[in-house]
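Keep in mind that this is a model prediction, so the values were computed, not measured. Quick note on labels: first sequence line is chain A, next is B, and so on, each numbered from 1.
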Amino acid sequence: DAGITQSPRHKVTETGTPVTLRCHQTENHRYMYWYRQDPGHGLRLIHYSYGVKDTDKGEVSDGYSVSRSKTEDFLLTLESATSSQTSVYFCAISEDRQGVDEKLFFGSGTQLSVL
Amino acid sequence: GENVEQHPSTLSVQEGDSAVIKCTYSDSASNYFPWYKQELGKRPQLIIDIRSNVGEKKDQRIAVTLNKTAKHFSLHITETQPEDSAVYFCAASKHGNQFYFGTGTSLTVIP
């Protein structure tokens, strides 16, 4: 399982409410990512982090924010959830071996439904 | 940014036949190309990967080929089995810190 835990596994919320998803890793890897998966779109990068308090935007970052206060935790927040944010969210970590061998490993995913 | 295109979106093969999935990428600086298999309701799992300094890599029934000049790479599965049925994703990465995925290929192996 590459030491990645996502919580919650399932979440149903209402439009306009804030939502926070949590990703926890036990591998002490530097890079962590949040992706969303939607039919016909594959996996799209929302935000990623390359260290504590170091984050950057991905290709679909609008409406999302992230925080990383500890190496092991990466939080994704939907400030005001919309129906278009209904999706499966995957956290991922990559092994950082100074560019020699990068491998991306995914958590189990969070199914988020915004009604 | 990088743009990864993947074809076909669906693929059906008879058990024992070969399956080929193709991807193209746009950024010539991309240097790492992994492939993921995702079964229904599960997480994507890395099955094979290749770096830009290698043209081909094999792992049992699975192989990946890379053509840097044409900017395309392919997944080859030989002697397909029903358990190979899944969605397969290609991806491209540079600097090992941003991964861009294709839209996926749903492979069905017919017994």
- [ ] Applying ring-ring contact (aromatic ring centres under 6.0 Å, His included), name anything that partners Y36(B), two or more places apart in sequence or on another chain.
- [x] F106(A), F101(B)
Task: N/O donor-acceptor pair under 3.5 Å between S93(B) side chain and Y32(B) backbone - done: no
TODO: Please flag which part of L43(A) lies under 4.5 Å from any non-hydrogen atom of chain B: side chain, backbone, both or neither.
DONE: both
Open item on the list: Looking at chain A, which one of Q6(B), Q45(B), Q38(B) has the largest number of heavy-atom pairs inside 4.5 Å, strictly under?
Closed with: Q38(B)
Task: Interchain contact, P34(B) with chain A, by part (heavy-atom threshold 4.5 Å) - done: neither
TODO: Under 4.5 Å heavy-atom distance to chain B, tell me which part of E59(A) shows up: side chain, backbone, both or neither.
DONE: side chain
TODO: Decide yes or no on side-chain contact (heavy atoms from CB on, under 4.5 Å) for Y25(B) and C90(B), but give the supporting numbers first.
DONE: CA-CA 10 Å; Y25(B) 61 99; C90(B) 63; over 6 Å; no
Task: Exam field: side chain K71(B) to backbone S28(B), donor-acceptor pair closer than 3.5 Å - done: no
Task: Side chain, backbone, both or neither of Y50(A) within contact of chain B (heavy atoms, under 4.5 Å) - done: neither
TODO: May I ask you to decide if P8(B)'s main-chain N or O and T105(B)'s side chain share a donor-acceptor pair within less than 3.5 Å?
DONE: yes
